[in-house]
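What you see below is based on every heavy atom in this structure, not just the backbone, and it leaves out hydrogens, waters and symmetry mates. Each chain gets a letter, A, B and so on, in the order the sequences are listed, and its residues count up from 1.
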Protein chains: 2
Amino acid sequence: MEFKEAKNKFVQTWGALGSQWGINKTMAQIHALLMVSNEAVSMEDIMDELQISRGNASMNLRALMDWGIVYKEYKAGERREFFTAEKDLDELAVKIARERSKREIKPALKILKEVSTIDASNSAEEKHFVDQTSKLYDFVLKADNMLDKMTEFNENWLGRLVLKIMK
Amino acid sequence: MEFKEAKNKFVQTWGALGSQWGINKTMAQIHALLMVSNEAVSMEDIMDELQISRGNASMNLRALMDWGIVYKEYKAGERREFFTAEKDLDELAVKIARERSKREIKPALKILKEVSTIDASNSAEEKHFVDQTSKLYDFVLKADNMLDKMTEFNENWLGRLVLKIMK
DNA sequence: ATAAACTTTCATTTATTTTTGAAAGTTTAA
DNA sequence: TTAAACTTTCAAAAATAAATGAAAGTTTAT
């Protein structure tokens, strides 16, 4: 396999993986492209390589920057903007986890707390509902806290975690 | 908040959370419904509660059973089939992790290995590509192995893991 | 202040995913 | 074996999500 083919395959794969995890395909592809680029890439080049429109490129770059995993870069004497991706994978994972926690898990927890605290003195059905949603609340809270902990680990938390799990 | 309202809110929230993580909304809603039901539910009742068609209910129940998190149940003297969800959350998490690993992560790893082993003796650009995709391969492999390890932990792995992380 | 060079926005279009529902398939009881 | 009671399948329709592109906005150099 030659370089161009490999690069394309990687970008496509990363895009597909993104889709499966609820991240829009183009966003994941742009990120993939930037991760494997050894220098900052202009919007023009991104549009060209991925065959996407200016608007699409602009919006998804903005989204990636909002996630804190893509940065703008300015080059001396150049009018246009260039983009680079976070290349440290530990840092990348932490940022993604933090963002998904904030946007998706925390709001879900709030609802779980609400529904698990209704008065259920009536039927067995209601008791089971409160019991199960309470357990779910505890579980999700614990999992979410675990993500927070990752953040505190300064370097290579994944490697260390694997070691710990192994005992 | 009364029971019916709370139950509906929970089902909707779980459905929305599913969507955001690449799981189809109805599939997540059916799962939510079954998780908080203290007894097995018929397809008819699922269709009715979620206002979905027979085909939709059938296909998503099949998908949930393929994931191993919903079971069929037969009642004596009853022609129709009833469904229950896995209610043990540790077990649920392990099964979901195992399934996503098999379907999504393992295939992605295969591709990562392929593209990270091309000959890159030429440019700095190619060297960076190989370097970055290799790192990614290692990272994803490690994360995936961690999921496997969860499986080996027999009970309450999440609680124990949190303890370990806390040091 | 102007205009060139660039980026962002968002109403509309396009693509993708999900849902429907009717026909085909299956199982059970008599 | 037949027919009622139920489930599955899948082509077509509907709903949802993403992409386009032209107009509006911004920045910079002169």
Among dT20(C), dT18(C), dT8(C), which nucleotide sits nearest the side chain of N24(B)?
dT18(C)
Quickly work out the D48(A) CG to dT20(D) P distance and round it to whole Å.
13 Å
Taking for S19(A) and for F83(A) the nucleotide of DNA chain C with the nearest heavy atom, the one nearer the 5' end belongs to F83(A)
In whole Å, what is the span from the CD1 atom of I52(A) to the P atom of dA18(D)?
14 Å
Can you tell which of dT20(D), dT19(C), dT8(C) lies closest to the side chain of S58(A)?
dT8(C)
Donor-acceptor pairs under 3.5 angstrom involving side-chain atoms of residues 107-118 of chain B: please list them, not counting sequence neighbours.
| from | atom 1 | to | atom 2 | distance (Å) |
| --- | --- | --- | --- | --- |
| K113(B) | NZ | Y137(B) | OH | 3.4 |
| E114(B) | OE1 | K9(A) | NZ | 2.6 |
| S116(B) | OG | L112(B) | O | 2.9 |
| S116(B) | OG | K113(B) | O | 3.1 |
| T117(B) | OG1 | K113(B) | O | 2.9 |
| T117(B) | OG1 | E114(B) | O | 3.0 |

Looking at residues 28-45 of chain A, who's got a heavy atom less than 4.0 Å off DNA chain D?
none
Starting from P on dA19(D), measure out to CD on Q51(A) and report it in whole angstrom.
14 Å
F10(B) side chain near L33(B) side chain, heavy-atom distance below 4.5 Å:
no
Among side-chain atoms of D144(B) and S101(B), is any donor-acceptor pair under 3.5 angstrom?
yes
Spell out, as yes or no, whether a donor-acceptor pair under 3.5 Å connects the side chain of S37(B) to the backbone of A40(B).
no
Name the residue from K95(A), R100(A), R98(A) that meets the side-chain contact (heavy atoms from CB on, under 4.5 Å) definition with W67(A).
R100(A)
Considering only heavy side-chain atoms of R80(A), the closest of dT8(C), dT7(C), dT7(D) is dT7(C)
Figure out the CG/P separation between L64(A) and dT8(C), and round it to whole Å.
13 Å
Select one nucleotide: of dT19(C), dA19(D), dC6(C), the one nearest the side-chain heavy atoms of N60(B).
dT19(C)
Does a side-chain N or O of K72(A) approach OP1 or OP2 of dC6(C) to a distance below 4.0 Å, or not?
no
Using whole Å, what does the distance between atom P of nucleotide dT7(C) and atom CZ of F82(A) come to?
9 Å
Going by salt bridge (charged side-chain N to carboxylate O under 4.0 Å, His left out), name the pairs with one or both residues in residues 54-73 of chain A, residues two or more places apart or in two chains.
E44(A)-R54(A), K72(A)-E81(A)
Rounded to whole angstroms, how far apart are CD on E78(A) and P on dT7(C)?
10 Å
Who pairs with F3(B) by ring-ring contact (aromatic ring centres under 6.0 Å, His included), at least two apart in sequence or on another chain?
F129(A)
Would you tell me if any nitrogen or oxygen in the side chain of T26(B) comes within less than 4.0 Å of OP1 or OP2 on dT18(C)?
no
Could I get the full list of side-chain contact (heavy atoms from CB on, under 4.5 Å) partners for S19(A), not counting sequence neighbours?
K25(A)
Q20(A) side chain to E104(B) main-chain N or O, any donor-acceptor pair under 3.5 Å?
no
Tell me the interatomic distance from L61(B), atom CG, to dT19(C), atom C1', rounded to whole angstroms.
14 Å
In the 5'-to-3' direction, what one-character label does each nucleotide of nucleotides 21-30 of chain D receive under the scheme B = base within less than 4.0 Å of a protein heavy atom, S = sugar-phosphate only, - = no such atom?
B-----BB--
Which nucleotide in dT7(C), dT19(C), dA19(D) has an atom nearest any side-chain atom of K25(B)
dT19(C)
Interatomic distance where CD belongs to Q20(B) and P belongs to dA17(D) [whole Å]
10 Å
Using atom types as modelled and distance alone, determine if a side-chain donor or acceptor of H128(A) lies under 3.5 Å from a backbone N or O of V36(B).
yes
